[in-house]
Every structure is written in structure tokens, then in C-alpha cells.
Amino acid sequence: MAQVSMTVNGVAVSGDVEGRTLLSGFLRDHLGMTGTHVGCDTAQCGACVVHVDGQAVKSCNMLALEADGSEVGTIEGQATADGSLNTIQQAFQDHHGLQCGFCTPGMVMSAAALLKDNPRPTEAEIRHYLEGNLCRCTGYHNIVKAIMAASGQDVGSIAAE
Amino acid sequence: MYNFEFEKPSTIADAVAALGAEDAQALGGGQTLIPTLKQRLAAPSALVSLSGIAEMQGVCIEDDGSVAIGGATTHATVAREAAASYPALAALAGQIGDPAVRNRGTIGGSVANNDPAACYPAGVLGSGATVVTNTRQIAADDFFQGMFTTALDEGEIITQIRFPVPQAASYQKFLQPASRFALVGVYLARFADGVRVAVTGASEDGVFRWSEAEEALTKEFRADALMGLKVNPMNMIGDLHGSKDYRAHLVSVMTKRAVQACS
Amino acid sequence: MPKDSGIGASSKRREDVRFLTGAGNYTDDINVAGQAYVYFLRSDIAHGRITSIDTSAAEAMPGVVKVFTGKDFEGVGGIPCGWEVTDKHGAPMQEPAHPILAQGKVRHVGDPIAAVVADSLEQARDAAEAIDLDIEELPAVIDMKAAAQDGATLVHDDLKNNICYDWQLGEADDAKVNEVFANAAHVTTLDLVNNRLVANPMEPRVAVAEYSRGTEDYTLYTTSQNPHVIRLLMCAFVLGLPEHKVRVVAPDVGGGFGTKIFHYAEEAFVTFAAKACNRPVKWSASRSEAFMSDAHGRDHVSKIELALDADNNFVGLRTNTYANLGAYLSTFSSSVPTWLHGTLMAGNYKTPVIQVNVKAMFTNTVPVDAYRGAGRPEATYQLERVVDKAARELGVDPIALRRQNFITQFPYDTPVALTYDTGDYHGTMDKLEAAADLAGFAARRAESEAKGKLRGLGINCYIEACGIAPSNIVGMLGARAGLYDAATVRVNATGSISVMVGAHSHGQGHETAFPQVVADMIGIDESMVEIVHGDTSKIPFGMGTYGSRSLAVCGSAMVKATEKVIDKAKKIAAHLLEASEADIELKDGQFSVAGTDKSVAWGDVTLTAYVPHNYPLEVEPGLEETAFYDPANFTFPSGAYACEVELDPETGKVSIEAFTAADDFGNIVNPMIVDGQVHGGIGQGIGQALLENCAYDENGQLLSASFMDYAMPRADDVPFYGVDHSSQTPCTHNPLGVKGCGEAGAIGSPPAVVNAVLDAMNSGGKAVDHIDMPVSPSRVWAAMNS
């Protein structure tokens, strides 16, 4: 066992973990923050995406001890201080960008990382950026649309809601 | 995963020392190693993270004009920081995995692993780069020795890779649709003294140089120079995603496209 | 004008808030104090005889609570099959045992052999590696046609062969069918494969069970689309437990697509082990485990023949299909290639003579069962591919050929056992032609060709039988369950409403759409109505969500229960208003006396129901009603789809440039949700057509055993879709006039994509008349260079 310390959504946390403990496991099992989901074991699906020091990473593919001393952001920390949805979350709801909700935390975290670097991405850029986030419900239509809307683009001309 | 000790040294010397322990293994970004460990296909006693070693980070330009990339530099960093100095390599780095994978995966980890479908081996071999380790310098032509096999000794760490910058270069990747590794990837680099063509994804022996194409393109750098040239399908990988013949065909197509991109 | 609330409004989904903030409650988020973890030791060979198994070393490993093998389950039942199919000679299907843990033999890679319960999952896995196991490997039965031969290796030693059933539907007189084909002016024949798929909901399956020694109660939390079905099957057929002692909870479920309908061994195991170990037991599948333990979908090999007369009218259709069932019968597996497939072979066409033949095969592969569409995609794919091929052979326009043969009179009795109540296939095709701008295709093709690409247009029509199902009919056909559903409408004293439903929402948005209906009927705000689902201790006995049935069946039960509530409330209102019940009208949440200005608000009536001081003596206090609804018929959504692809002739890579769907779902409660369902279905259909392929080698090893080799559609594999739902012929037999929309996209899209690819290849001068899915670049290139 080794001690790991980090801030998660701005709150300092620490715990004793094994070498093999994954960041996703630390968040879910040690901290009880179950918003981060695990949907595969080959680093493909992206349901587990969180931010580590401002960068999107797959938390099921990173050891908890590698995040020692880092600032970690998860889906639980995305809403605004008064608890209302942030711009991206609100756009996902407004444009039906989620169905079962399982991939959603990773999608929102990836979308946030994208918009930080590229505040007004094209449709093609969004689709390409989401290469590491699988969704089985939406056919991606409304996810892409929601991210375009969250970046302030007019999505009225995109066929259906 | 089997359990292991975790160490995160801050110098190459400490990392080398830690890797001296029996069954210790270096951890780059872990983007391939961690899934492997999840399958319990490896049982290291300790993982020695290289991510905390400052001297193995970043992209810089050497006095001779070559681009030197620290072994622990992530793909995302290379995509960003080499964009001006070596755009084709930066573009290659930007096509590996996905954004979250690129934020963790490292050039040293990828090259040391030498996955037969990985992108970086093509970039390193195609550029004629030099792999610098804690003990020596290894020419790319000597480094890659078949799939998942390299010239690295036990405990040896890739600290840096130095890329001579060609006059023009291009990486053309055709995606394996599931993994998004290269079904076929061709890295073409045109130097004053000749053309190098390295192919990944296609061969059972891992990354290789397509010498016939190199000769033809060195003589005449035009897509037409490749007419009639084809790698031997018998040496190609045939699997769920593409037959041997198809991969051989794609090698030609991707090489042609690389030439066109450089022209 | 779009409505802003109630039926027809695109109300935003209320469940989204918890999913968007990480506050969902999925099964893997549930941890029960003191829980142990189970790891299943699964077979890594396809077929073998267990010669010895020694768990003693494993039992001594650190943290191990108990090690189970097949021996521990000799006293309990196996996993049952919910549908008995009768073969064409009148004999029942062959129905092998399906043990919880292997008994004597392993029959597919992934078949569970032993289970280790330990303090941690890693300890359980460590111990599993210490189990000493000897398996004598047997030849693997993989190829279906070979499996059907006399003398083939048997998957189940106690069965007479590997054929579960040899089934037929439609015209039973072979001579008559032969005559139709002999007299036809043209016959188009096609051999095709409907590729095996893995449903892959993003949430892997999980099951957690606890047992109380004090009360002898069990609780099972599980990733299920239908908790009551799981409880019934597990209690009655597997573990022999009284249902009232077992609570099954399916909390937030991260997608199902059919594969979470079925009762799985792991659910029964954790329930059994919770008592045996006297500890809660949790199982969470890894994705790799899911690939070899979730029921797969599709996997049909078919020959289809279409006979046309000299005027291009369809005069006969004959199919011969081998359907893979895998190693065991999963819950509804037997019904998929038969009653959910053969019955759909008429499609949208008035073909007078149809004969469907299906041999269902046992093989050494993972069990195959319903996956989004379940039988209907397999039927549609065959039919729409053969129609397209016929059009090409005859040199006629594929839309014109379809239109010429459309059914136009309803109700319509098909030759394959269904009665379509309503539809407007020409009207829907008109919508498609406009929405997809088919008139502009030639110009778009020219643009593609100028870039050195080929462009193809593929058309597809589909009909599906949804809203399953009338219990009396399916009972005659072999179903071992009723397929009604139920709802309880519980009005609270202050007027808010809890609706307990048998349907289960795992992405479909019931929590939003169902309240729209109830609120609309009463005239109150949607926020006053809440849906409760997924917990057998809270909801009436319902059959769950699959087969595009939730609104058509459970929604109908909800409407009927709400009507009962309203009837009773009117009695109370009449009493309060001192008027006759017959004169009471309910509008906008106000009960009024017709022709007067006297009224009383909904909330006053509901409060009176629970505080019955001034109250009609003949009426019971309270305001809560339950209704069960058993549909009179299936519903028949239909549609017409268009796909445009661009094909790179150099690499064979196909990209979807446009996809347009025109569907007739009858009435629509929440258009936003309906569009989302179609998008998702199309995404999966494109996945099947271009990318997804669950493949085994000849030894029964699963080649596509992870996302590294099983190609899931990603955001850049698909375009924005055009959807048009303005063609609406309401269902004639349910109160909402709704038909169901969940599976349409997955049914209608694969043939459209493949037809488009073939159109593109043929436009390039290459005569290719068929290509199997997935239409990978390698296959396209091979087809164009053969």
C-alpha cells in the first residue's frame, strides 16, 4: 500500500492504494465518486475520461499513484457552483445528447477538453475528437449537435432535434 | 492485474537503478501496458514510471538541426511542439489513439513496445532516427527487430529519440476500424541523399523499410515511379480486418499518397 | 406549432440531470456492506469434456470465501428458455440443459466452469488461477451447415443432432411453391449472411445479491431490461425460491438493446451464493468477459428466392435460413429466427405465396438471442436485398419496383400469419423522396466522380411487428409467458402522481415521456407526475422493455389506469360540485359541470380522496388504480430509408455521406425522443453494415473478443441523419395510437447501406451483385478486383 494525495474537483483527498489501483478505481471505490464509469478494459470506450492537470485522460488506463499531486476533475465537478448545469451539460440536455447516460460523463469531459483547446470546432473536428468516446445509444447525432451548440454555434439547420 | 510496487523516480539514474530489481518494468504512459496487465499477461514486480523524469520530457532542436524528443514525451506534446520543426512527425503523433490516449502515451513507450501496428515505429524508421538510451545510441535500422522485439536490453531506457528532419515527409495511415491502429501506415521521408519508406501495420515482422520503393523514389520522386511495385503479399498480415493481398495493395496506395502529399 | 408540454411536445428529459452530473445509480455503483466478489473461471476452449477439477488449492488462497463448481448446482435448475418452438413436423424443439456452471462439458469459449467468491475481485481471480482443471478437447462445432450434417460432432450429447428445430411458416405445400417459381417470368436468387453482432451496451452487465437470514429475503440488483421476468425465471425455474421472498432491482441501466432481457447464469449465481456464503456477492463483467458471456445477435445464413411475373409483380418468395443459436438456448433465442423473423418476410409487399424455412443450430459459440430488432432486421435484410437485386437484374428503378408491389389496402392479412392494421407505404416513400432530395442525387454523384470517388444510393423499406404482444396469440405460438404490461397510477393527496410501470427505461426516456401522457390526460403540469420503474417491490408485475413495446403496451396500461383514476375522481368531483357525474368534465386540471361556471381543481379532488370528510359514501377513499393491458395485435411501424455512400475505389473504403429515414410510427408523444431512438438505431445499423463482425475461427476461438477487434461505430463513422416522422397512420388498436420506434433504425438501415454500396460499385462499371456485411474496405476492394 502507498499513500496517494490529489485534489479532486478542488478538494484535497488522499488514501492508501495498491500499486495496481487505477485512477478510476480510486475515484469510484475509495472516494465513492461513481460518476466516472468503466465500460471497457482496452482504453477504447472513454466512459472513464476525467481531467488530470487540465488534460483529458482515460482514468481506467492510468494508475492512481501516477495522479499523485495532480488536480483531477470529474463529472461531479462540472456543474456550476449553484448546482445548475454548465454550458456543455445544458446543451446535452437541450439537444438530447444522451440516452442511457453511461457514456455521458466521458462525453462531457471530452467535450470540455475539446472546447478548451478549440472553442468553435467544426462538425468534422468534433467527430474526430470523439474518436476515443463510444456511445451506443445516440448514433452520435445529438452529441455532436450538443457540442456545436455549447460552443455557441447555430445548430438550427441540422435536421432534427 | 497482479499487484506490483510503483516507483516514480525523478532522474534517469534513479530509474535505471529501480529497473535493476528483478522483474521490474518501465512504465511510459501505460496506454498499452495497463490493458496488458489487466489481462494478466504480464506480472512485473515493480513498475517504474518514467513520467516524472524532467530530462526525458519535451521537444527540442539540436545544433545539427535534428529534432530531439525526450523518451517520456506524450504524443499530444509531440503533436503540438514538433508541429513547426517536423510537421509530418507531429501529424503522425496526432493520429495515434485518441486525444485522451495521446495525453498519456509516450514516444519512448510506443517505440520500446514496437507493436506491429503502431505508428511511431514507422516514423522512427522512416526518418532514420537515432534511439538514444541510458547507455548508447541505436540507429533505427538496428533498433526494430520484429514484432514486439527491439534492440533494447533488459532495464535499458529510451531517453530520447533524435530525428534528422527531411526535406519533405508524410505519414499516411489507413485505420484498422476497431482498434484504430494502422491497418497499414506508410511513413515516407525525402532526404537530400535519398528517400526512406517505412511501413507499419502490414507485416508479420513488424515495421519494415520498403527498399524497392525507396530506390525507385530516390531515382525519381513521382508517384508514377511506384507503378508496378508491390510488396510480397506472402509476408503481410492477413486477419479479420484485411487479407494479405489487401494489405499489400494498401502499402502501394498509401506510399503513393505519401509521395503526392510531399510533392 | 410544436406543443410545449403534454403529448406531442419535445419535453426535455428530466433524467438527464442526474446522468449529466454523475449522480446516476447504475448497478456497479451499488455496493452492499460486507460484499464479496465473484470471479468466474471460464472455458478458453470451445468444446471439451471436463475430466477433473480440483479446487482445494484455490480454497486455501487468501481471502477466498468459497469455490463453486457445477457440482454445487446439481440440485438446482438450469437457465430456462421462454419460448417453445414447434418444428414443421409438429415436434417440440430440442431443448438441452443450460447449467449455471458447466456440468461435464464446456460448450463455448466463455462457458463458466467454476466461480470463486473472495474478499476482493483480485483475490478471487488469483484463486481461480489455482484451480486445477483438466479438459479433454473435442472438435468444435462452428459452421452451421456442417453442424446440420448427419454424423456431425454433437454439441449436446443427449440430443439426436445439432438441429434445435426445422421450422416452416407460410405455404406448406412445396409443390405449390415450386409451381409459382416454375411459372415465374423472372426469379432472383441471393445467398447472404446476416453477420453475428455483439450488442455492447456501454454498461457491462453487473449483478449484486444479498440475503437476509432473519427474513429469508433476497435482493438482486441487476442490469436488466425486465426485473419481473428475471425474478420469475430465476425463482420458478432455476433456484426454486418463492417470488415474494425475492426482490429484483434494475436501477439505472446503461443501455440494453436486447442483451439485457435475458436471465443469465451470473444473476442466478450471485443470488444462490449470497445465501451459500452468507454474504452479499457482487459480479461486474469486464468488457472482455462481456464479449464471451453476453448473448450475441443475428448470425443467419440464408438463401432467398423471389419470383416475379412478366409485369414485375412479386408472385412468390422462398427462404431457407440457418440460424445460429449458439451452445445453449438463451431466454428468447428460439423465437427470434421464427416468430420474429419468418412472420416479417412479407415486408411491405403483397407477395401472395411465401414459404419460410429455418433450421436453428446448436454450435460451440456464445448463445445468440434478441438484439435490437431481433429477427426483423434479418428478415428485412434478405427481402430488401433480393428486391434490390431483382431491380438491377430487370433494369428497373428500385423505388418503382417497390412501389408497384406495395400493400395499399388495410387491414392486410399476410401469407405469414400477421394482420397489418394500418400503414401508408406510398405516403412514407413520398416523404423519403422529398426529405432525401433524391432528385438531386445525380448531381451529387457527379461531384463525387469528379473527385475520383464512386457514389451510390441505396433504398430500403421495412415493416416491423412491435408492441409485443397479444398473449393469447404468442401463447399459441409457444411463448411460455404473457406479454401484457401493467401500470399503477397512485395519486397523492396533494395531487402529484407516482406511476409505477412494468416497462423499464434504460435510455428510452420513459421518465419524461410517460408523464407527458398522464399530465396531458389530466391537464396538469408534467412535473407533477413521476415514473417509478425497475424494482419488483415497487411496481406491478410487468414484462419490461424490448421489442419497441413500452409505450404501445405499458403506456396503454398507464392510460387505462389513468382513465380509471379520472373516472373515480369525477365521482368525487360530482359530489363536491353537487352535480351528476355524467355532467363532469375534466380540462386543464379543473373538474367543471358542463354548461356552468362551477368547478373544482384537481388538487382539491385528490385531497378529498384522502381526507374524505365531505365524500360520497359509495366511493372508496384514496385514488390509486392499476391496469393491465394485453394488446389486441402487434403494431406495425414502417418506413423507407435512403443511404448515400461515397466509395474510394483505390482502398475500398466506404463513407456514409447522407442517411435519411422516413418512418411511420403512428402518433408520437415526444418527437425529440423518437428522433433520438431512430438516430441510435441507424447508428447501430450502419455499424452492422460497415463495421461490426463477431467472428470465430474454426476452433471456436472468438477473434473479435474486445473493442480492439470488434469495430464499434464512432462519431466519425456516421453523418448527421435526416429523420422525418410526418407520415403517421395511428395504430388502430391501442389507446394512444402509437406503434413503437426503438428498433426501426436498426432494422431499416443495413440493407439501405449495402444497397448503396452495390449501387456505387456498379456505377463504377463493376458488376457486383452482392457483398456480405460488414462491408469492410478489404471486402469491397476484393469484390471490385475479383
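First the proteins, then the strands, lettered A, B, ... as listed; each starts at 1.
Annotation for A:G101 and C:Y26: closest pair C-OH, 3.0 Å, computed over non-hydrogen atoms. For the pair C:V718 and A:G139, the tightest heavy-atom approach, listed with the atom from each and the gap, is CG2-O, 3.5 Å. Taking both residues in full, the closest heavy atoms of C:G676 and A:N142 are given as CA-ND2, 4.4 Å, listed atom of the first, atom of the second, then distance. The minimum heavy-atom distance linking A:C100 with C:G254 is given by the pair SG-C, 3.3 Å. Residues A:R136 and C:Y710 come closest through the heavy atom pair NH2-OH, 4.2 Å.
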Show the numbers, then the answer: is there a side-chain contact (heavy atoms from CB on, under 4.5 Å) between A:Q44 and C:R714? CA-CA 11 Å; A:Q44 302 270 306; C:R714 288 174 161 90; 3.2 Å; yes
Start with the C-alpha gap between A:T138 and C:H679, add the side-chain angles, then the distance that decides, and say whether side-chain contact (heavy atoms from CB on, under 4.5 Å) holds. CA-CA 6 Å; A:T138 64; C:H679 295 158; 5.8 Å; no
Give the C-alpha distance, both sets of side-chain angles, the deciding distance and a yes or no for side-chain contact (heavy atoms from CB on, under 4.5 Å) between C:D16 and A:F92. CA-CA 8 Å; C:D16 288 358; A:F92 269 69; over 6 Å; no
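Residues of residues 65-78 of chain A that come within less than 4.5 angstrom of chain C, heavy atom to heavy atom, are A:I75, A:E76 in numerical order. When the heavy atoms of residues 15-37 of chain A are compared with those of chain C, the residues falling under 4.5 Å are A:R20, A:R28, A:T34, A:G35, A:H37, listed by number. For residues 104-119 of chain A, heavy-atom neighbours of chain C at less than 4.5 Å comprise A:T104, A:P105, A:V108, sorted by residue number.
With a 4.5 Å cut-off on side-chain heavy atoms, C:P201 and A:F102 do not count as touching. The shortest side-chain heavy-atom distance between A:C45 and C:M202 falls under the 4.5 Å cut-off. Between A:H96 and C:D675 there is no side-chain heavy-atom pair separated by less than 4.5 Å.
To the nearest 0.5 Å, atom CG of residue C:D717 and atom OH of residue A:Y140 are 7.5 Å apart. Atom CE of C:M708 is separated from atom CG of A:D41 by 11.0 Å, given to the nearest 0.5 angstrom.
Heavy-atom pairs under 4.5 Å with chain A were tallied for C:H506, C:Q684, C:R372, C:H725; the largest tally goes to C:Q684. Across A:Q90, A:H128, A:Q89, the residue that shares the most heavy-atom pairs under 4.5 angstrom with chain C is A:Q89. Ranking A:E123, A:Q93, A:R127 against chain C, the residue ahead of the rest is A:R127, based on heavy-atom pairs under 4.5 Å. Among A:T42, A:L130, A:I143, A:N86, the residue making the largest number of heavy-atom pairs under 4.5 Å with chain C is A:T42. With respect to chain A, the highest number of heavy-atom pairs below 4.5 Å among C:D716, C:N25, C:D28, C:D29 belongs to C:D29.
Proximity to chain A (any heavy atom under 4.5 Å) is shown, for C:D252, by neither the backbone nor the side chain. Proximity to chain C (any heavy atom under 4.5 Å) is restricted, for A:L85, to the side chain, taken from C-beta onward. Contact of C:S288 with chain A is made through backbone and side chain together, with heavy-atom distances under 4.5 Å. When heavy atoms are compared at a cutoff of 4.5 Å, C:Q677 approaches chain A by way of both its backbone and its side chain. Neither the backbone nor the side chain of C:A435 has a heavy atom closer than 4.5 Å to any heavy atom of chain A.
Listed by chain and number, the residues in a side-chain contact (heavy atoms from CB on, under 4.5 Å) with C:A250 are C:S224, C:P227, C:V253, C:H504 (sequence neighbours excluded).
The aromatic rings of C:F720 and A:H141 lie perpendicular to each other, with more than 60° between the two planes, well past the 30° mark.
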